[in-house]
Amino acid sequence: MNSPNQPLPTFDEVLLCTPQTTAEQVGLFLRRCLIPCSGGEKIYTMLYADELSYDVSCRAEELFQHLQHYNSTYRLVILCNCEREHSYIPSVFSQYKVHMIPQRPLAEIQRYLQHHYRVAQPSSSAASVFKDNMCVGIVSSKRAGVGK
């Protein structure tokens, strides 16, 4: 995010974990991250890794331990909820833990995201329903199940 021209992460660089995430999905992600290839210097990110089931977490750790010997220059970020820091994945990687506070002001982060998510030529697309021709948006309500 040092410049607006830096791209957002691609689909293969991010794994959004849920309790339903399978060991196969985590395995594919870790292989992309840890097996060297000519794909450049990507930064891989596992989001909410603390949500993984115990079985999937154990298998992920085993695979990580096996694959990390193939590549000493991998770039992997694992983001977890600080309230679930005692779940399996945060515990296993606790020696690498860094408490993060965003280093950029919120307004600067918003400008960066707006630069990448704004539709250049407004047309009859879904982007027209979001503020300032953004192709993404957040819809929320304090009442559950209100047709979002």
Side-chain angles (χ1 to χ4, degrees), residues 1-119 125-127 129-131 134-148:
M1 203 184 99
N2 292 327
S3 117
N5 297 326
Q6 286 182 308
L8 291 168
T10 58
F11 71 94
D12 65 328
E13 293 176 85
V14 178
L15 178 64
L16 179 60
C17 301
T18 68
Q20 291 75 37
T21 302
T22 65
E24 290 76 22
Q25 291 170 317
V26 176
L28 288 171
F29 178 79
L30 289 174
R31 284 180 178 84
R32 281 195 302 264
C33 173
L34 297 170
I35 295 178
C37 65
S38 61
E41 303 236 345
K42 294 182 175 186
I43 300 173
Y44 293 89
T45 307
M46 287 179 70
L47 297 170
Y48 305 116
D50 53 294
E51 298 266 335
L52 295 173
S53 70
Y54 181 80
D55 181 51
V56 171
S57 296
C58 290
R59 291 176 63 189
E61 180 205 3
E62 289 172 11
L63 183 60
F64 176 83
Q65 297 298 336
H66 174 72
L67 293 177
Q68 74 173 346
H69 302 292
Y70 290 103
N71 185 1
S72 61
T73 61
Y74 63 88
R75 296 170 158 194
L76 175 62
V77 177
I78 301 174
L79 296 174
C80 299
N81 183 341
C82 64
E83 295 174 4
R84 294 180 43 102
E85 66 183 333
H86 299 294
S87 59
Y88 193 87
I89 292 290
S91 296
V92 167
F93 294 98
S94 64
Q95 72 249 27
Y96 306 108
K97 180 169 50 173
V98 176
H99 290 282
M100 281 296 302
I101 298 173
Q103 299 297 309
R104 305 276 190 195
L106 179 60
E108 189 176 330
I109 294 170
Q110 288 172 332
R111 278 194 304 277
Y112 173 79
L113 292 173
Q114 285 173 348
H115 173 78
H116 287 284
Y117 287 122
R118 181 170 282 123
V119 175
S125 72
V129 301
F130 294 114
K131 183 179 176 186
M134 295 289 128
C135 63
V136 296
I138 297 174
V139 178
S140 65
S141 173
K142 292 182 180 180
R143 294 176 47 212
V146 187
K148 296 181 287 296

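- Without hydrogens or angle criteria, Glu61 side chain to Cys58 main chain gives no donor-acceptor distance under 3.5 Å.
- A side-chain donor from one of Thr73 and Asn71 sits under 3.5 Å from a side-chain acceptor of the other.
- Annotation: Glu83, atom CD; neighbour count of heavy atoms from other residues, nucleotides and ligands within 6.0 Å does not exceed 12.
- Here the CG-CG distance, from Leu28 to Leu63, works out to 9.5 Å after rounding to the nearest 0.5 Å.
- Considering all non-hydrogen atoms of both residues, Cys80 and Asp50 come closest at CA-OD1, 3.2 Å.
- Considering CG of Leu47 and CG of Asn81, their distance stands at 12.0 Å, rounded to 0.5 Å.
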Checking Tyr74 against Phe64 for the ring pair (Phe, Tyr, Trp, His ring centres under 6.0 Å) test, could you report, in this order, the C-alpha distance in whole Å, the side-chain angles of both residues, the deciding distance, and whether it holds?
CA-CA 11 Å; Tyr74 63 88; Phe64 176 83; 5.8 Å; yes
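- Gln68 and Leu34 get closest at one heavy-atom pair: N-CD1, 4.2 Å.
- Exactly one residue among Leu52, Val14, Leu16 makes a side-chain contact (heavy atoms from CB on, under 4.5 Å) with Met46. That residue is Leu52.
- Interatomic distance, CD of Glu51 versus OG1 of Thr21, reported as 8.5 Å (0.5 Å rounding).
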- Query: Where do Tyr44 and Lys42 land on the side-chain contact (heavy atoms from CB on, under 4.5 Å) test, with the steps shown first?
  - Reply: CA-CA 6 Å; Tyr44 293 89; Lys42 294 182 175 186; 3.6 Å; yes
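- In this structure, Tyr70 and His66 have perpendicular ring planes: the angle between them is above 60°, well past the 30° mark.
- Inter-residue side-chain proximity for Pro19 and Ser53 is flagged as unmet; no heavy-atom pair is nearer than 4.5 Å.
- Phe29 contributes atom CZ, which lies 6.0 Å from atom CG of Leu76 (distance to the nearest 0.5 angstrom).
- The two atoms that bring Ala23 and Val56 nearest to each other are N-CG2, 3.7 Å, heavy atoms only.
- Between the side chains of Thr10 and Asp12, at least one donor-acceptor pair of N or O atoms lies under 3.5 Å.
- Residues Arg31 and Leu67 have side chains in contact (heavy-atom distance under 4.5 Å, counting atoms from C-beta outward).
- Residue Cys17 holds its SG atom at 4.0 Å from CG of Leu15, rounded to the nearest 0.5 Å.
- Considering only heavy atoms from C-beta on, Glu24 comes within 4.5 Å of Arg59 through its side chain.
- Note that the CD atom of Glu62 and the CG atom of Leu30 stand 12.0 Å from one another [nearest 0.5 Å].
- Using a 4.0 Å cut-off between a side-chain N of Lys or Arg and a carboxylate O of Asp or Glu, Lys97 and Glu85 qualify as a salt bridge.
- Residue-environment remark: OH (Tyr48) stays at or below the threshold of 12 foreign heavy atoms within 6.0 Å.
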